[in-house]
Amino acid sequence: MLTLLNVKEGNQLFIKDVFGLILYKESIKESGEFVKGFDLTSLPDGKYFFELDKDLEIAIIPFEVKMSTVVFNKELETTIDKPYITKKENRVLISKLSLDKQPLEVKIYYDYNLGSYDLIHSETIEKSMNIQRAYKLSKNEKGNYKVVLKTEGHTFIEYLEF
């Protein structure tokens, strides 16, 4: 049985293997407490994890299957704070909390040719617990932008129009 507290309608629950392959996906239908039974014993021996994708964070609950026995290790449960992207006038604002100072790779693309995005900025921010960045875009380059952020094994993509 998996019990999750404080979920919201629309949160996404996944079961993934160590390679990130999605084995199961479900959209949470009701806010509050989520309780569901899973038969994980039929999975091949190996390491897996539940991933609860919430608004501003991702909770990761690892487990291992060995000879049809499932073992959860509470000590390995982690939470990843998701980066937050907003736009203001001709600026892209990015914020990210990372208590363990994990690097954040930032790439910003501009759509010059209707769907063909070209890289206009790239950087990796390291050794920072509280990342706050503002990227000023050209007032002359109105149109579509794509912001790609990578951190802690996850990729976050946001499309913006200016």
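Any value given below was found using the heavy atoms of this structure, including those in side chains, with hydrogens, waters and symmetry copies removed.
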*Side chain of K139, backbone of E89: donor and acceptor closer than 3.5 Å?*
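A pair under 3.5 Å: no.
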*Indicate yes or no for a side-chain donor-acceptor contact from S31 to the backbone of E9 under 3.5 Å, with no hydrogens or angles considered.*
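Here the side-chain-to-backbone pair exists.
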Go through the structure and list residues passing ring-ring contact (aromatic ring centres under 6.0 Å, His included) with [X], not counting sequence neighbours.
| X | result |
| --- | --- |
| H121 | Y135 |
| F49 | none |
| Y84 | none |

*Looking at residues at least two apart in the chain, or sitting in another chain, which of them share a side-chain contact (heavy atoms from CB on, under 4.5 Å) with V71?*
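With sequence neighbours excluded, V71 shows a side-chain contact (heavy atoms from CB on, under 4.5 Å) to T69, given in chain and number order.
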*Under the side-chain contact (heavy atoms from CB on, under 4.5 Å) test, which residues partner L99, sequence neighbours left out?*
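For L99 the side-chain contact (heavy atoms from CB on, under 4.5 Å) partners, ignoring immediate neighbours, are L97, M129.
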Any idea which heavy atoms bring [X] and [Y] closest together, and the distance?
| X | Y | answer |
| --- | --- | --- |
| P83 | L149 | CB-CD1, 3.5 Å |
| L40 | V65 | O-CG2, 3.7 Å |
| L93 | A134 | CD2-CB, 3.5 Å |

Are [X] and [Y] linked, directly or through other ILVMFWY residues, by side chains that come within less than 4.5 angstrom of each other?
| X | Y | answer |
| --- | --- | --- |
| L23 | L2 | yes |
| F156 | Y159 | no |
| L104 | V147 | yes |
| F14 | V7 | no |
| V148 | Y117 | yes |

*Which pairs with one or both residues in residues 10-23 pass side chain to side chain donor-acceptor pair (under 3.5 Å), sequence neighbours excluded?*
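Output for this query lists Q12-S27, K16-E51.
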*side chain to side chain contact (heavy atoms under 4.5 Å, CB included) assessment of H154 paired with I58*: CA-CA 10 Å; H154 289 77; I58 299 171; 3.7 Å; yes
Between [X] and [Y] (salt bridge meaning N to carboxylate O under 4.0 Å), is one present in this structure?
| X | Y | answer |
| --- | --- | --- |
| K96 | E152 | yes |
| D55 | K8 | yes |
| E161 | K142 | no |
| D53 | K82 | yes |

Distance (rounded to the nearest 0.5 Å) between [X] [atom1] and [Y] [atom2]:
| X | Y | atom1 | atom2 | result |
| --- | --- | --- | --- | --- |
| L114 | N144 | CG | CG | 8.0 Å |
| I108 | R133 | CD1 | CZ | 11.0 Å |
| I120 | S138 | CD1 | OG | 9.0 Å |
| E57 | T78 | CD | OG1 | 10.5 Å |
| E105 | T124 | CD | OG1 | 5.0 Å |
| I61 | L4 | CD1 | CG | 5.0 Å |

_Ring geometry between Y110 and Y112 (parallel below 30°, tilted from 30 to 60°, perpendicular above 60°)_ =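 It falls in the perpendicular class, over 60°.
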*Near K25 NZ, under 6.0 Å, is it more than 12 heavy atoms from other residues, nucleotides or ligands?*
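No, the 6.0 Å shell around NZ holds no more than 12 heavy atoms from other groups.
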_Is it the case that atom NZ in K87 sees more than 12 heavy atoms from other parts of the structure closer than 6.0 Å?_
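More than 12 heavy atoms, drawn from other residues, nucleotides or ligands, come within 6.0 Å of this atom.
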*So, do P62 and K47 sit near enough that their side-chain heavy atoms are less than 4.5 Å apart?*
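P62 vs K47: side chains apart.
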*Would you confirm whether the ring centroid of Y24 sits within less than 6.0 angstrom of the ring centroid of F38?*
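Yes; Y24 has its ring centre under 6.0 Å from that of F38.
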_Verdict with reasoning, Y109 to Y145, per ring pair (Phe, Tyr, Trp, His ring centres under 6.0 Å)_ = CA-CA 6 Å; Y109 299 85; Y145 290 82; over 10 Å; no
*What's the verdict on side chain to side chain contact (heavy atoms under 4.5 Å, CB included) for L160 and F162, showing C-alpha distance, side-chain angles and the deciding distance?*
CA-CA 7 Å; L160 305 171; F162 288 90; 3.9 Å; yes
*Picking from L52, T3, L13, N6, what satisfies side-chain contact (heavy atoms from CB on, under 4.5 Å) with F34?*
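Per the side-chain contact (heavy atoms from CB on, under 4.5 Å) rule, the option paired with F34 is L13, out of L52, T3, L13, N6.
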